[in-house]
Amino acid sequence: MSLVLDVRDATKVYGAGETAVHALRGVSLQVEPGDYVAIMGASGSGKSTLMNIIGCLDVPSAGEFHLDGVDVGALDDRRQAVLRNRKIGFVFQSFNLIPRMTAVMNVELPLAYGGVRPAERRRRALAALELVGLADRVNHQPNELSGGQQQRVAIARALVNSPALLLADEPTGALDSTSTLDVLGIFDRLSAAGRTIVVITHEADVAEHAKRVVRLRDGRIIEDTRLAPVDGLPPRLKEVTA
Amino acid sequence: MSAVEIVRFAFRGLAANKMRSALTTLGILIGVAAVILLVAVGEGSSQSIQRNIQQLGANTLTVSSSTGGGGGFRMARPQQDGGPRTQARPLTVDDARALADRTAAPHVSSVSPVVSATSQAASYEGASHAVQQVVGTYPSYFEASNKPVAKGTYFFNDDVLAARKVVVIGQTVAENLFGALDPVGRQITITGVPFTVVGVLKEAGATGGFQDADDVAIAPLPSVQQSLTGFGPLDQILVKAGSADDVAAAQAEVTSVLDQRHGVGGAVAADYQILNQATLQETVSAATSTFTVLLAAVAAISLLVGGIGITNIMLVTVTERTREIGIRKAIGAPRGAILGQFLVEATLLSLIGGLLGVAIAVTGAQFTIAGITPVVVPSSVVLALGVSVAIGLFFGSYPANRAAKLRPIEALRFE
């Protein structure tokens with residue numbers, strides 16, 4: 001079975017000489033399809049750098065990175081953009097919806113850049129919003145939505161392209177506990193449906209929802225724990241659906 | 001990602017900040033409107049001056065005496081003898097007769113000696129009016145100076161020989177003295193001397209900047225000399241050439257006849273000058289086109305300033321929307337789409353400004369500006385519009401490029 005993520009001995013150095021910062025000191029991580037991985041670490045552990053590399057927003061200084069079988073390091077700028085568009089769905093801590101565009105327009109955006117026809121785009125965007133339970137909010141602009149609703153729109157936008165990987169960076173960091181549960185519930189259901197998810201977080205509560213927890217410290221993986229089998233259900237699915 | 005899509009994104013981007021877009025557009029609008037309108041004013045004034053010159057009469061040469069020049073120089077030092085002449089000779093009726101000689105000047109078709117008196121009080125039954133110019137001349141003057149009669153008739157050679165007190169008056173004089181009455185056949189007095197009106201000139205139309213061409217009275221030469229100017233020198237001799245092609249030949253003939261009669265040649269400078277309407281027209285049109293270019297240059301500067309305004313506002317927009325650019329890039333917008341969006345935004349600003357500017361300029365050109373009826377030059381419209389679009393592309397390319405080059409991680413981190 002081909003791996004969704006295959007990071008091999010990746011290092012990342014910012015700056016040079018004496019002021020050089022070693023954000024990653026040789027990280028290897030393989031993620032199989034259908035897995036739900038939480039990457040944990042305190043700030044400065046290198047998790048944001050790892051997330052940027054996994055998200056094709058940055059390339060490692062050394063080492064290799066394959067996303068869904070594609071060697072990302074060998075791609076130019078334009079192809080990396082295409083890869084981000086097709087293979088990755090981003091969910092950010094601060095939602096990062098585009099202001100003054102309605103929910104459905106925000107969700108359509110990746111499809112627009114992917115060259116999907118308007119009618120088809122609208123249909124898929126509405127389906128994705130339905131999936132996150134926002135069918136009644138499609139024509140609201142981000143400033144008319146609560147934080148939890150905005151994050152659900154962001155998840156819909158991340159899913160609309162059916163990406164190989166859903167990559168979430170502190171998805172619940174800016175949410176209250178109710179909205180946090182909503183969002184984690186959506187992730188658990190997506191995982192149960194077979195979606196590959198990588199969540200970067202520093203909250204143990206969030207990590208407990210994943211099937212596998214990877215801990216980073218000082219640019220190295222120090223712990224890799226499996227909470228549930230890859231082809232099984234996420235461990236706390238029952239709680240969130242109850 | 002189709003072009004239509006990019007234009008839609010650009011429109012949405014502009015609509016997001018309507019006030020700012022409107023103000024930026026205003027810069028280009030003023031620039032384009034200024035270029036078109038100022039060129040139109042320049043063209044309008046040029047055309048009106050050309051018309052004025054043409055009204056003076058086509059194919060004509062105006063000979064007038066020059067009291068300055070070489071003659072004047074010698075007059076200032078009368079003690080120095082040996083000079084061939086101490087005083088410029090005035091133009092006389094004999095000069096005019098000599099010019100009318102068909103053998104000496106075959107290309108001259110008519111000669112009209114002219115004396116004129118300015119601001120003469122004319123009155124009719126209590127109504128009075130100061131006539132700007134009273135002209136004493138021969139009947140050929142009407143044709144040579146392009147002054148057709150609308151009502152009544154000209155005076156004739158008999159009138160000149162008999163020094164009859166008859167007069168042809170301009171439209172302004174007729175209105176001021178007679179109002180709605182028919183002036184033909186009535187008697188007016190000019191500085192106390194009675195004249196019978198035989199005709200009224202066709203209206204020449206008051207034209208900007210020049211004196212009122214309708215405020216004239218034209219009478220036979222000896223009549224005016226007797227009653228108003230005295231039998232002194234002529235003010236002008238109006239010479240009409242046979243056709244436009246003969247003007248140069250006629251000018252040469254007039255020069256040689258007058259040189260002979262006035263003893264001009266060698267060290268003696270001419271004591272008269274010849275004004276050629278064609279030359280005058282060329283000189284004036286060269287001057288007015290310089291004027292138009294100057295106006296256009298000033299306007300072009302304002303267009304440039306508008307363009308810099310676009311760069312400025314697009315840079316602000318790009319900085320302000322750095323995060324948005326980061327998001328778009330993170331979800332897979334290629335560099336070309338970002339570049340296209342901001343470039344189209346800048347071009348739309350300048351294009352909308354340009355189109356509105358054209359509309360305003362064309363509307364403004366319907367009104368008279370400072371006594372000049374502007375004439376819109378189509379090429380200036382095309383040029384101003386083209387330049388405004390080019391400005392959008394040029395001045396928008398720097399900010400757009402900056403947006404496209406932003407790295408997504410940095411753009412996303414931007415607060």
Say whether, by atom type as modelled, one donor and one acceptor occur between the side chain of [X] and the main chain of [Y] under 3.5 angstrom.
X: A:Asn85; Y: B:Ile331; result: yes
X: A:Asn106; Y: A:Met101; result: yes
X: B:Ser46; Y: B:Thr288; result: no
X: A:Arg121; Y: A:Val116; result: yes
X: A:Arg137; Y: A:Ala103; result: no
X: B:Ser388; Y: B:Leu351; result: no
X: B:Lys329; Y: B:Ala404; result: yes

**Prompt:** Going through the distances and angles, do B:Thr319 and B:Arg402 end up as a side-chain contact (heavy atoms from CB on, under 4.5 Å)?
**Reply:** CA-CA 9 Å; B:Thr319 309; B:Arg402 216 161 100 161; 4.0 Å; yes
**Fill in**
Highest number of heavy-atom pairs under 4.5 Å with chain B among A:Ile98, A:Asn96, A:Leu57 belongs to A:Asn96
**Asked** Hey, which of A:Asp58, A:Leu83, A:Val82 has the most heavy atom pairs under 4.5 Å with chain B?
**Response** A:Asp58
**A:Tyr14 atom OH, neighbour heavy-atom count above 12 within 6.0 Å** = yes
**Asked** Which residues pass the ring-ring contact (aromatic ring centres under 6.0 Å, His included) test with A:Phe65, sequence neighbours left out?
**Response** none
**Prompt:** Measuring heavy-atom distances to chain B, does A:Leu97 have an atom under 4.5 Å in its side chain, in its backbone, in both, or in neither?
**Reply:** backbone
**Asked** Does any heavy atom of chain B fall under 4.5 Å from the side chain of A:Asp77, the backbone, both, or neither of them?
**Response** side chain
**Prompt:** If you check every heavy atom in residues 144-174 of chain A against those of chain B, which residues fall under 4.5 Å?
**Reply:** A:Arg157
**Request:** Using heavy atoms and a sub-4.5 Å threshold, report which of residues 17-25 of chain B line up against chain A, by residue number.
**Result:** none
**Contact winner vs chain A - B:Arg328, B:Arg12, B:Glu324, heavy-atom pairs under 4.5 Å** = B:Arg328
**Short N-O contact, A:Arg117 and A:Glu120, less than 4.0 angstrom** = no
**Fill in**
Quick note, ring pair (Phe, Tyr, Trp, His ring centres under 6.0 Å) partners involving residues 382-406 of chain B, not counting sequence neighbours, are none
